[in-house]
Amino acid sequence: MSELKRYWIIVHYETELMAETEWDACHNISLGNRIVEEASIAAQEISSNADLKALITQTRLTVRKEAALAIILNQLYHKLQDFSLLANGLPPEIQAQVEALSVEQLEGLSIAVLNFNSLEDLSAYLQTQND
């Protein structure tokens, strides 16, 4: 048997559900395989000489970025009423540009998306971020 390694795991899961109160909503969430299948999971191996604080910060940043990407895609879907975005995601060339943005740039994009009327608007916005 191989030696066990230590990992820092962050699980990010979002859902919408109906409840009478916020407390009920937080405590009535369906747990189990559904969360694991639909969650963003970031894992970083913890080496013996690792800077644990830096590793945790980097892992959290990864999860924030994944969450921001999911929010932006959802905003685009609702704004543009483009059902293919939910099924297929963004076109690969646009997806690569969006994924290259920093968390701060993604936060700016999440606001700019509110004014977009097409994927061309998104492409134009991304060009301004790369200049």
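FYI, the numbering just counts along the sequence from 1.
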[X]: what forms a side chain to side chain contact (heavy atoms under 4.5 Å, CB included) with it, not counting sequence neighbours?
| X | result |
| --- | --- |
| Ala112 | Phe116, Tyr125 |
| Asn49 | Ser47 |
| Leu101 | Gln105, Leu106, Leu109, Leu126, Gln129 |

Partner residues of [X] under the side chain to side chain donor-acceptor pair (under 3.5 Å) criterion, sequence neighbours left out:
| X | result |
| --- | --- |
| Asp51 | none |
| Glu120 | Ser118 |
| Gln58 | none |
| Ser123 | none |

>> Working note: Val98 + Leu69, criterion side chain to side chain contact (heavy atoms under 4.5 Å, CB included); need CA distance, chi angles, decisive distance, verdict.
In response: CA-CA 8 Å; Val98 171; Leu69 289 167; 3.1 Å; yes
> According to the side-chain hydrogen bond (donor to acceptor under 3.5 Å, both in side chains) rule, which pairs have a member within residues 67-77, sequence neighbours left out?
Replying inline: Asn74-His78
If you round to the nearest 0.5 Å, how far is [atom2] of [Y] from [atom1] of [X]?
| X | Y | atom1 | atom2 | answer |
| --- | --- | --- | --- | --- |
| Leu85 | Ile72 | CG | CD1 | 12.5 Å |
| Thr57 | Leu55 | OG1 | CG | 8.5 Å |
| Leu76 | Ser110 | CG | OG | 10.5 Å |

> With sequence neighbours left out, which residue pairs that include part of residues 73-89 fulfil the salt bridge (charged side-chain N to carboxylate O under 4.0 Å, His left out) condition?
Replying inline: none
>> Filter on salt bridge (charged side-chain N to carboxylate O under 4.0 Å, His left out), then keep only pairs touching residues 91-105, sequence neighbours left out; what's left?
In response: none
>> Holding to salt bridge (Lys or Arg N to Asp or Glu O under 4.0 Å), I want the full list of residues that pass it with Glu107, two or more places apart in sequence or in another chain.
In response: Arg64
> Taking the hydrophobic residues Ile, Leu, Val, Met, Phe, Trp and Tyr, and joining any pair whose side-chain heavy atoms are under 4.5 Å apart, which ones share a cluster with Leu4?
Replying inline: none
> After noting the C-alpha distance and the side-chain angles of Leu90 and Leu122, does the key distance pass the side chain to side chain contact (heavy atoms under 4.5 Å, CB included) rule?
Replying inline: CA-CA 10 Å; Leu90 294 169; Leu122 173 58; 4.0 Å; yes
> Do Leu119 and Leu80 come close enough that some side-chain heavy atom pair is under 4.5 Å?
Replying inline: yes
